[in-house]
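This report concerns only the one structure given below.
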Amino acid sequence: MRLEGLLEKHKRVIVNKWFDAVVHTYPADTARFLKSQKDPFANPVGRTTFKGLDGAYDQLCGEMETEMLAASLDPIIRIRAIQDFTPTQAAGFVFLLKNIIRETVGDQLREKEGLEELMALDARVDTVGLLAFDIFMRCREKVYQLKANETRNRVFSAFHRAGLVADTPEDGPETNKTIE
Amino acid sequence: MSDLPKPEESLSKLDHEPPRTGWMDAPVDIRKGMYCYSANPKSLNYTGFPHAREWNPIEDDWKLPENWQEILHRGFRERLDRFRSVKVFMDICVRCGACADKCHFFIGTGDPKNMPVLRAELLRSVYRNDFTLMGKILGKLNGGRPMTENVLKEWWYYLFQCSECRRCSVFCPYGIDTAEITIFGRELLNLLGLNIDWIATPVANCYRTGNHLGIQPHAFKDMLDFFVEDIEEVVGVKVEPEYNKKGADILFITPSGDVFADPGTYTAMGYMLLFHYLKERYGFDITWSTYASEGGNFGFFTSHETMKRLNSKMYAEAKRLGVKWILGGECGHMWRVIHQYMDTMNGPTDFMETPVNPITGTVFENAKSTKMVHIMEFLADLIKHDKLELNPRRNDHLKVTFHDSCNPARGMGLLDEPRYVINNVCNNFYEMPANTIREQTFCCGSGSGLNAGEDMELRLMGSLPRANAVKYVHEKHGVNMLSCVCAIDRAALPTMTEYWTPEVDVTGVCELVANALVIPGEHDRPTDLRGEDLPGWAEPEREETDAE
């Protein structure tokens, strides 16, 4: 069977295994909770992760539209970017998929075409991995921006309200005006 | 670059579960972004806290006093004798796990030590070891462990990853209030000078000048006077707030965040417009105080004595001015202190009257002991008696949801009044999912003195469950405004929404009220209090201009 068909046929199994692998990057007690609690409002990390992986898998096996991929990956990475992970761990979960696919459908692939198809899929996974890293960086930059903004707003507001900030007059520099 | 993992290590870390170490043996790893800076010694000295010194949480040496274990043991003993609740909470937990997954910090961080049961177990393990016979005999077998420096650091790290929101206590079949355990634990840490600066300095400021930022009375008045100018520009009416007026009927106290931090400032302008309206229409007599210029009480996050001292300032001012009762603004923990602690600390108040709404005649029996009424109760009463002329269409560009702030919701049961008010001033209101509101509301992630800048990652993780529910109503109903009745919410939630749901803005409820309130003598109001155009309101005027 061709890889494309196998990926579609075994989607549920592969995505579940992928989810399982990602969830097990958390401590054991947490992983249990992330898997078992199905209410998205009681378990936003688990359910967001599952939904995102599911969507990313469809794109990976299909159109590979960047916007759709980013829409699936962003919510997962937005969470992992602030949790206790290294950048590799936060964004690198994408690469776990390579082994999972090999384990699940590897023995059903025909030798030569199968290898070529797998190599092509690996290249797709790599692309998704790089996108994941871009998203990770965007999230981290946002965190630093939020920190900087809070500090700036606090200081600026205090200065402004103390009357220490002279706003630029709308009608040009003071020197151009006629002194009455 | 030496701290980078080798490539093969990165991959193996990716593939494998974290090591399974028993929680007692896992050393605490104090991570940047998760903790707040240590307290400025000057601030601790000002309020008389012991062992004030410079120390850094990520350095090995915390410069503890030599006999720190003895101090802690004695402090623990004294509090077990003093607070029966602490003793009961130490003894009765059966570790059923009902609370485990209810904490926003556990849900967001995924760190098992943020499960309320385990966070409390950090203290219980020492309690068992030091204060129970079984613990002394069986030690670790009975879940006990001796107090070591590592345990102390763990206490500090995780007790400042709890916002005392009490969501976990809603689910505890025994009624254990884990927030009380945090309060107790933080009190012990204060015996060793281990507070955080975001709490200690506001406490010192509040004790000295009456508010967290240390703004002096004249500057506080200046700030409100700026609002008078802004209001005149937007509404065309000059409001005239009273300050420190002796013999006024009512004293108004609100968190200073409403006076100094956006978007709380618009809530403050909302209060001023409301009071102006009531004065013009009904002769309402209310005064602000430039001395009791803080409703917030960071003493609550420090020790019972400090909470009492800061709370007493509000009542001292009420006595000095000779008012009949106090009206309180949109605040979180101010209300928790008033509702749960004030009465036995500084009350019952015998020098004021049971609050009566002078406009409707409603007697606030619920406040007959504290003499302090929440502005949402007051507003709901006015609206119910049809005493406000409101035009909710002015808020039609908003799709509003309401975040129940932990303290008014769980701490005093204020659930329906804000909703009643919002529904009367807005036409588009949408609730978030049931398990994220009312008694089950999720914390903003920045409560109990954690809304500093250096712990941004912690705050964002803590806010995830709330943000997740906001995102849901945004996607389902197009919600674009998150309303709340707490100043810490107003300071913290805009940062949360910017990270998780940038399309949603944050407002206090009184800002919504003031935008809908029809003020006698107002001119055309094509903008809201923020000076932003109201869609549909400015157009006729523009058309006329075009025609000219």
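Below, chains carry the letters A, B, ... as their sequence lines are ordered, and counting in each starts from 1. None of the values given here were measured: they were computed from a predicted structure.
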Which atoms of [X] are under 4.5 Å from chain A, going by heavy atoms: the side chain, the backbone, both sets, or neither?
X: B/Lys471; value: side chain
X: B/Ala452; value: backbone
X: B/Met432; value: neither
X: B/Thr436; value: side chain
X: B/Asp455; value: neither
X: B/Gln440; value: neither
X: B/Pro112; value: both

Under a 4.5 Å cutoff for heavy-atom pairs, which residue among [options] has the most contacts with chain B?
options: A/Asp29, A/Ile79, A/Val45; answer: A/Ile79
options: A/Lys147, A/Arg78, A/Lys142; answer: A/Arg78
options: A/Pro40, A/Cys139, A/Pro75; answer: A/Cys139
options: A/Val23, A/Leu146, A/Asn149; answer: A/Leu146

Item to check | Cation over ring face, A/Arg80 and A/Phe85, 6.0 Å, 45° | outcome: yes

Checklist entry - Distance under 6.0 Å and angle within 45° of the ring axis: does A/Arg140 meet both against A/Tyr144? => result yes

Checklist entry - Can you say whether A/Phe41 sits under 4.5 Å from chain B via the side chain, the backbone, both, or neither, judging by heavy atoms? => result both

Item to check | Check: B/Ala98 main-chain N/O paired with B/Lys102 side-chain donor or acceptor under 3.5 Å | outcome: yes

Checklist entry - A/Trp18 side chain to A/Ile101 main-chain N or O, any donor-acceptor pair under 3.5 Å? => result no

Next on the checklist: Please confirm whether the ring centroid of B/Phe106 lies under 6.0 Å from the ring centroid of A/Phe33.
Outcome noted: yes

Checklist entry - Should B/Asp262 and B/Arg490 count as an ion pair when the cut-off is N to O under 4.0 Å? => result no

Item to check | Where at least one partner belongs to residues 36-51 of chain A, residue pairs that pass side-chain hydrogen bond (donor to acceptor under 3.5 Å, both in side chains), sequence neighbours excluded | outcome: A/Asp39-B/Asn435

Item to check | Which atom of B/Ala467 lies closest to which atom of B/Thr501, heavy atoms considered | outcome: O-CG2, 4.0 Å

